[in-house]
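The figures that follow rest on heavy atoms only: side chains count, while hydrogens, waters and symmetry mates do not.
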Amino acid sequence: MEFIKLPNFPIEIFPSKHSVSRKIICLYHGWGSSVTKYEDFARMLSEQGFTVIVPELHLHDSRDRLEAYFDHGVVERHFWQIVFQSIEESVTLVKQLNVTQADTIWLGVSMGGFIASGIAAKQQGSAGVININGSGSFLFSEQLFRQRDNRADLTMEEEQRLQAYDPVLQATSAPTLFVHGQCDTVIPIETQEHCVQQSTELNRDLTFLKYPSINHTVSDQMISEVLDWLNQRF
């Protein structure tokens, strides 16, 4: 593992354990989590021959970490701010590391899944995207969250902001894997199903794996099938 400070944000790099790296995987964690909690996953991927990059996210770890992540008001104020900022920072990440989109796979869990899908839409020509328990349908997801939580409808300005980053409104053709628990009460699977419905005409290489009885967690079977998907394609 190597720790590097890029302009404005630090990253951890886990070099490939093979003599030649297969691809680069950029791994994004979920809301309120940490880079350190994803080190085992990153090492597992590096042992498969991938170079893994784990960026610190805005308002996490050393970047002005918040005190109360799971207060509803905090989530409502900052969730999309972090998603959008991470998408924008991916441009700096690729440029500073001197890597190409064609060599980069974007992988994220929960909020990180939103980020990964958003980056793949922005970084056209990426090698692939893996979204675990997140969603690639931003506007639909926020509308569902607000309905579930009895919150006010989106303003026109808020809708336009979400649409500017929404992957379903952009043609993403990169090989895509969606992995989701069918009993997820945090990011309901309906949000990802909506993305699949909107994307199948544009992306023929899209795999959607659903897991009965799984809530908002990552099971061993999920990890195993993510590795299988990576090994089949890269």
- prompt: Around atom CG of Asp40, are there more than 12 heavy atoms of other residues, nucleotides or ligands at under 6.0 Å?
  reply: no
message: Using the ring pair (Phe, Tyr, Trp, His ring centres under 6.0 Å) criterion, which residues pair with Phe138? Sequence neighbours excluded.
response: Trp80, Phe114
statement: Applying side-chain hydrogen bond (donor to acceptor under 3.5 Å, both in side chains) to Gln160 and not counting sequence neighbours gives none
- request: Please assess Glu158 against Arg146 for the test salt bridge (charged side-chain N to carboxylate O under 4.0 Å, His left out), listing each intermediate value before the final yes or no.
  value: CA-CA 12 Å; Glu158 288 171 331; Arg146 288 180 178 233; 3.5 Å; yes
Do you know the tightest heavy-atom contact between [X] and [Y]?
{"X": "Pro55", "Y": "Leu93", "result": "CG-CD2, 4.3 Å"}
{"X": "Ser219", "Y": "Ile214", "result": "CB-CD1, 4.1 Å"}
{"X": "Tyr69", "Y": "Val75", "result": "O-CG2, 3.1 Å"}

task: Evaluate the side chain to side chain donor-acceptor pair (under 3.5 Å) criterion for residues Ser141 and Ser135: first the C-alpha distance (whole Å), next the side-chain angles of each, then the deciding distance (0.1 Å), finally the verdict.
output: CA-CA 7 Å; Ser141 295; Ser135 177; 3.1 Å; yes
query: Okay, side chain of Asn231, backbone of Leu227: is any donor-acceptor separation there less than 3.5 Å?
result: yes
query: Is a side-chain N or O of Asp205 found less than 3.5 angstrom from the main chain of Pro175, in a donor-acceptor match?
result: no
- prompt: So does Arg63 pair up with Glu89, basic N to acidic O under 4.0 Å?
  reply: yes
message: Apply ring pair (Phe, Tyr, Trp, His ring centres under 6.0 Å) to residues His60 and His29 and explain how you reach the verdict.
response: CA-CA 10 Å; His60 291 73; His29 64 69; 5.2 Å; yes
field: side chain to side chain donor-acceptor pair (under 3.5 Å) between Glu193 and Gln197, worked out
entry: CA-CA 6 Å; Glu193 289 173 336; Gln197 292 164 3; 5.6 Å; no
- prompt: Under a 4.5 Å cut-off applied to non-hydrogen side-chain atoms, are Leu144 and Glu190 in contact?
  reply: yes
Listed partners of Val186 passing side-chain contact (heavy atoms from CB on, under 4.5 Å), at least two apart: Asp184, His216
- prompt: Step by step, would you call Thr104 with Gln123 a side chain to side chain donor-acceptor pair (under 3.5 Å)?
  reply: CA-CA 10 Å; Thr104 307; Gln123 303 270 10; over 6 Å; no
field: Any donor-acceptor N or O pair under 3.5 Å, side chains Asn133, Ser110
entry: no
- prompt: Only one of His194, Gln192, Glu142, Gln143 clears side-chain hydrogen bond (donor to acceptor under 3.5 Å, both in side chains) with Ser137; which?
  reply: His194
task: Using the rule that two of Ile, Leu, Val, Met, Phe, Trp, Tyr join whenever any of their side-chain heavy atoms come within less than 4.5 Å, decide whether Val91 and Ile87 are in one cluster.
output: no
